[in-house]
Structure formats: C-alpha cells, structure tokens
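Reviewing the structure listed below.
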Amino acid sequence: KDPYHGFYLQDTWKLTRRLTMNYGLRYEIQGGRTERYNRFTQLDLNSLNPLGAVVGIPDLKGGLNFVSASDRNQWEPSLNNVAPRVGIAYRATDKLIVRTGYGIFFDRTTYASPLVGVDGYSSTTPFTVSLDGNRTPYATLSNPYPDGLIPISGSSLGLLTNVGNSISGFEQLRPTPYIQQYSFDLQYQAQKDVLIEVGYTGTMVRKLLYGYGVQLNQLPDQYLSLGSKLLQQVDNPFYGVITSGSLSGKTINYGQLLRPYPEFTGVSATFMPGASSSYNALVTHLVKRFSHGVTLDLSYQFSKALDNSSENGSPGLVDGARDFNNLSLERSISSHDVPHSFAMAVIAGLPWGRGQVLGGTWPKWLDAIAGNWQVSGIYRLASGLPSHFSATDNTNSFGGSQQPNVSNMNDVSISNQTPARWVNTSAFSQPAAYTFGNAPRWLTNVRFSNANNLDAALLKNFTMTERLKAQLRGEV
C-alpha cells in the first residue's frame with residue numbers, strides 16, 4: 001500500500017484590465033509503503049551488527065531492520081511537501097502578451113515494485129565459483145549449491161539476516177524529489193493570420209531518484225592506492241560463522257575487509273534520492289494561417305539538459321555510476337539531451353467538395369464520399385542523443401565500474417562519420433588498474449545520428465449526426 005494525499009488551493013485574480021494572476025498552493029503527503037503482514041525491511045547502516053562480537057570486530061555495522069505492527073512504514077513519510085505556484089499574464093498591447101510563471105511540483109517517492117525490501121522473506125542462493133580468489137573451483141554445474149539453499153528466515157535473524165550475501169532496500173529517511181519549473185515568453189500577433197512566440201523555459205530538479213541501485217558497500221577510494229594488496233588472500237574472520245557463499249572460506253580478499261560493511265557482499269540502496277538535473281531552453285513558435293484551410297506551424301528549440309542520473313531505456317540509454325563514493329563525477333549532459341530541435345507541421349483541406357473551388361455543386365452522396373478530405377504532414381529534424389562509453393572494469397573497487405580515459409575531448413569526434421567508424425577510438429584508452437577513468441558519463445560531441453522524420457496523413461471526416469462524427473485516416 002502506497003498512501004497518497006493531496007490538498008490544494010487555487011485562485012485567479014484580475015488585477016487590472018491588462019494584468020491577470022493565477023496562484024495556488026498544494027500540500028502533499030506520500031506515506032511510507034506498508035504491507036498487510038508487515039513483511040518489509042529497511043536498510044539500517046548505523047546499528048552495530050551482533051556478528052561483530054562473535055568474530056572480534058566490535059565496530060561492525062549494518063544490516064536490516066524489520067518493520068513491525070507498531071511501526072509499519074518501510075520509510076518515514078515527508079511532511080513538508082509544500083508546493084506554491086504562480087502565473088502572470090500581461091497584455092502589453094493589443095498584439096503583444098507577456099507571460100511568466102513559477103511552480104514547485106513533487107515527484108513520486110519511489111518507482112520500485114513492492115518486492116523490493118523483502119530480504120528475509122525471500123532468498124537468493126548465489127552460485128559461488130571459488131572461495132580462494134578463483135584458484136580452485138567450489139561450486140560446479142553438477143553441484144551448484146554445495147552448502148544447500150539459503151532458507152527463508154523471516155525476521156527471526158534480525159541484523160544477521162543475509163550476512164555473507166548481499167542486501168538491498170530503502171533507507172528509512174526518504175526526502176521527496178521536487179521539481180522547480182519557471183518560464184517567460186512573449187506572444188505577438190504580427191498579422192491577423194500570423195502568430196509568433198518566443199520564450200524561455202527552465203526546470204531544476206533536486207533529490208531526484210537515482211535510476212540504478214546505489215552501492216553503499218563500495219571500497220572507500222583511499223584504499224585503492226593499496227593496489228594488488230586488495231586482492232591478496234588473508235585469514236577470514238568470518239570463517240566458521242558464515243557457512244555459505246563467497247565469505248565462508250578460510251581466506252578472503254583483503255579488500256573485502258576494508259569495505260564499510262564487510263559482512264555483506266553488497267549493500268544496495270534502491271531508487272535512492274539525491275540526484276539532480278537541470279534543463280534550460282529557448283523556444284520559438286510561428287503559426288501562419290493561409291486561405292482555403294491551410295495552416296503552417298513551425299517551431300524551433302535550443303536547449304541543454306544536465307544531470308547525474310538519467311532514465312534507462314533505448315536506444316542505448318543505460319545508466320550507472322563508476323564511483324559510488326563520488327557521484328559528482330557523473331554530472332554530465334543528460335542521456336536525453338537534444339540541443340537543437342526543429343519541427344514543421346502542415347495541414348490543408350483539399351479544394352474539392354461542396355462549397356469548395358471544385359465540386360461546389362456536388363450532390364450530398366458524392367460529397368459524403370469525395371468531399372471534405374484533408375492532408376497533413378509533420379517533419380522533425382533534431383540533434384542525435386549523446387553517447388556513452390564503458391571500459392573493462394579493472395577498478396577492483398568492490399562495487400564501482402569503469403569508463404575510459406579521454407586524452408582530449410576535441411579529438412573524440414570525426415568529421416566524416418561512417419557506420420564502421422563513428423568515433424575516433426584512438427582518443428580513448430584503458431585507465432590504469434585501481435583508478436577511475438575520466439570520460440564524461442555522456443559525451444555531447446559524439447552522438448547518435450540526427451532524428452530526421454517525415455510523417456504524412458490523408459484523412460476524411462464524416463458527420464454522422466450532430467453529436468457523432470467519424471474519421472477515416474491513413475498515415476505513412
């Protein structure tokens with residue numbers, strides 16, 4: 001159950017004959033998710049894990065907190081979601097209108113399914129290839145789970161749930177993502193049949209949800225300087241206590257013991273809030289109406305979108321982070337950034353049928369078949385989407401990923417692109433082990449091919465009765 005409540009006030013005030021103001025206030029409460037039988041968990045990163053006292057690591061922290069009948073929320077709801085908004089329209093002259101506006105809007109607290117945050121009530125037994133750094137095999141295809149399957153423990157183990165494996169879920173405190181939108185535009189009636197608009201629009205988003213699981217158990221960056229020592233096998237303090245999985249062997253990678261929560265192979269925060277984005281655009285629009293039902297609609301937009309977390313999708317819109325300890329590295333052009341976008345739309349009535357140049361005296365039955373046809377077309381030319389590059393992951397950061405190094409961003413693009421050679425690959429190089437590459441998350445100067453689309457339609461409107469109409473339409 002995801003409870004939601006919204007309350008709002010709205011009013012329009014005409015201050016003068018030329019000046020009008022719309023204003024309002026909205027208050028939202030997005031309650032914490034609950035489940036009928038209280039089978040949800042929360043990430044608890046600060047409590048001492050009782051495993052520490054057993055293995056001699058007294059400051060061992062982290063684990064899962066289970067909701068209860070007296071505290072059912074999977075996260076605490078935010079109670080300060082106040083969203084004001086205002087819009088102003090001013091008729092400067094009979095032909096010129098000035099508009100501006102500002103508003104705050106709240107996004108959803110999470111987009112995750114209700115099956116997130118149920119560790120303990122479900123289990124996944126990992127396939128453990130080796131217990132000694134891949135020197136000798138452990139699990140095989142003939143015996144994939146030599147230690148048996150991890151049982152369903154419910155809430156009985158408390159903070160000990162899933163030790164030796166990974167945990168994921170939500171943190172208890174989840175601020176609500178909010179969006180600030182603002183705009184300013186001028187609308188000018190150049191002639192009775194020509195309308196021109198020029199404007200600016202902007203969006204700034206804060207506490208945005210990261211579109212990927214944020215790995216909170218990545219090795220702190222200062223330990224990467226230890227290099228190959230991180231992969232050396234050392235005595236495993238969890239041996240004999242953790243009895244299955246990659247942390248059950250006699251030895252363990254030294255780097256695992258330096259992780260924030262070494263008793264887990266991973267600690268992932270799902271849809272964690274904290275990302276940010278911005279969007280700014282110059283928008284122009286022209287509408288010209290001709291005789292005989294012909295209308296021309298032109299628009300052009302020049303924009304820039306920045307963020308440190310974008311949506312996943314296609315083509316190639318996969319997102320992630322190289323260094324979860326420094327997510328500011330991921331601030332770049334957004335995956336959906338389209339700097340230039342031009343669109344032209346035309347609609348025209350064909351000049352035959354009753355009341356038209358041709359067929360003005362057609363009988364009704366013929367006009368019903370051959371009259372009142374229209375053609376329309378939309379042409380769009382836009383910049384291609386930016387590109388993303390990855391590299392072989394040699395960071396050994398126990399959680400991060402790798403992107404290439406770029407010696408000079410100006411050398412990345414090439415003038416004569418072909419499908420076989422779209423980018424200057426010599427501008428990229430594999431970063432040294434135990435370091436992170438410097439390439440931007442998304443590259444603005446290497447993009448997919450431009451969007452160049454033309455859609456056309458032939459349509460016929462039928463008036464069946466005064467209230468009932470039908471349309472026959474074909475598109476290419």
Side-chain angles (χ1 to χ4, degrees), residues 37 39-45 47-66 113 115-170 213 215-219 229-270 393 396-401:
Y37 300 105
R39 292 175 297 191
F40 276 152
T41 61
Q42 305 163 342
L43 291 178
D44 184 348
L45 305 179
S47 295
L48 291 175
N49 194 300
L51 181 65
V54 178
V55 301
I57 308 177
D59 59 348
L60 191 68
K61 293 184 178 181
L64 293 173
N65 178 44
F66 290 81
S113 80
L115 298 179
V116 173
V118 294
D119 290 346
Y121 300 103
S122 67
S123 69
T124 300
T125 304
F127 183 87
T128 305
V129 177
S130 175
L131 295 177
D132 56 4
N134 295 325
R135 295 175 183 174
T136 57
Y138 184 65
T140 63
L141 292 178
S142 60
N143 185 20
Y145 304 110
D147 299 317
L149 299 177
I150 298 174
I152 303 296
S153 59
S155 60
S156 61
L157 297 179
L159 290 168
L160 293 173
T161 302
N162 273 15
V163 292
N165 296 290
S166 63
I167 58 175
S168 64
F170 303 104
Q215 182 53 249
L216 303 177
N217 204 22
Q218 181 183 310
L219 186 75
K229 292 182 180 179
L230 296 172
L231 304 181
Q232 291 180 359
Q233 296 290 300
V234 297
D235 290 339
N236 181 9
F238 305 119
Y239 178 65
V241 181
I242 294 176
T243 57
S244 65
S246 60
L247 303 187
S248 61
K250 290 184 178 181
T251 61
I252 195 174
N253 286 333
Y254 178 51
Q256 175 68 33
L257 298 178
L258 299 177
R259 300 177 78 175
Y261 313 102
E263 72 275 30
F264 296 107
T265 58
V267 179
S268 179
T270 304
D393 188 0
N396 299 296
S397 58
F398 294 81
S401 62

Check: S47 and N65 side chains under 4.5 Å, non-hydrogen atoms:
no
Test your reading of the model: is there a side-chain donor-acceptor pair from S397 to the backbone of L219, 3.5 Å cut-off?
no
Please report the closest heavy-atom contact between G169 and L43, naming both atoms and the distance.
O-CD1, 3.7 Å
Backbone of T125 reached by a side-chain donor or acceptor of N165 within 3.5 Å
no
Minimum heavy-atom distance between L48 and P58, given as atom pair plus value
CD2-O, 3.7 Å
Whether R39 side chain and Y121 backbone form a donor-acceptor pair below 3.5 Å:
no
For the CG atom of L157 and the CG atom of D119, what is their distance to the nearest 0.5 Å?
12.0 Å
Is it the case that the side chain of N217 and the backbone of G399 share a donor-acceptor pair, with hydrogens and angles ignored and the cut-off at 3.5 Å?
no
So for atom CG, which belongs to D235, do other residues, nucleotides or ligands contribute more than 12 heavy atoms lying within a distance under 6.0 Å?
no
Only counting residues at least two apart or in another chain, list the ones meeting side-chain hydrogen bond (donor to acceptor under 3.5 Å, both in side chains) with Q232.
none
When you compare the side chain of V234 with that of I252, does any pair of heavy atoms fall below 4.5 Å?
yes
Which pair of non-hydrogen atoms, one from F264 and one from I167, has the smallest distance, and what is that distance?
CE2-CG2, 3.7 Å
Test side chain to side chain contact (heavy atoms under 4.5 Å, CB included) applied to T161 and F66, step by step
CA-CA 10 Å; T161 302; F66 290 81; 3.4 Å; yes
Heavy atoms of G245 and T128 approach each other most closely as CA-OG1, 3.4 Å
Between L230 and N396, which heavy-atom pair has the shortest distance, and what is it?
CD1-O, 4.1 Å
Spacing of CD belonging to Q233 relative to CG belonging to N253, to within rounding of 0.5 Å:
5.0 Å
Look only at the side chain of N49 and the backbone of L51, and say whether a donor-acceptor pair between them is shorter than 3.5 Å.
yes
When you look at OH of Y254, are more than 12 heavy atoms from neighbouring residues, nucleotides or ligands closer to it than 6.0 Å?
no
Once you round to the nearest 0.5 Å, how far does CG of L247 lie from CD1 of I242?
5.0 Å
T270 side chain to F170 backbone, donor-acceptor under 3.5 Å
no
Are the side chains of P260 and L216 in contact, using a 4.5 Å heavy-atom criterion?
no
Of all heavy-atom pairs between G62 and E263, which one has the smallest distance, and what is that distance?
O-OE2, 3.5 Å
So, the side chain of Q256 versus the backbone of P262: is there a donor-acceptor pair under 3.5 Å, distance only?
yes
Steps toward side chain to side chain contact (heavy atoms under 4.5 Å, CB included) verdict (V163, Y261):
CA-CA 10 Å; V163 292; Y261 313 102; over 6 Å; no
With rounding to the nearest 0.5 angstrom, report the OG to OH distance, S246 to Y138.
11.0 Å
Compare all side-chain heavy atoms of V241 with those of T243 and state whether any distance is below 4.5 angstrom.
no
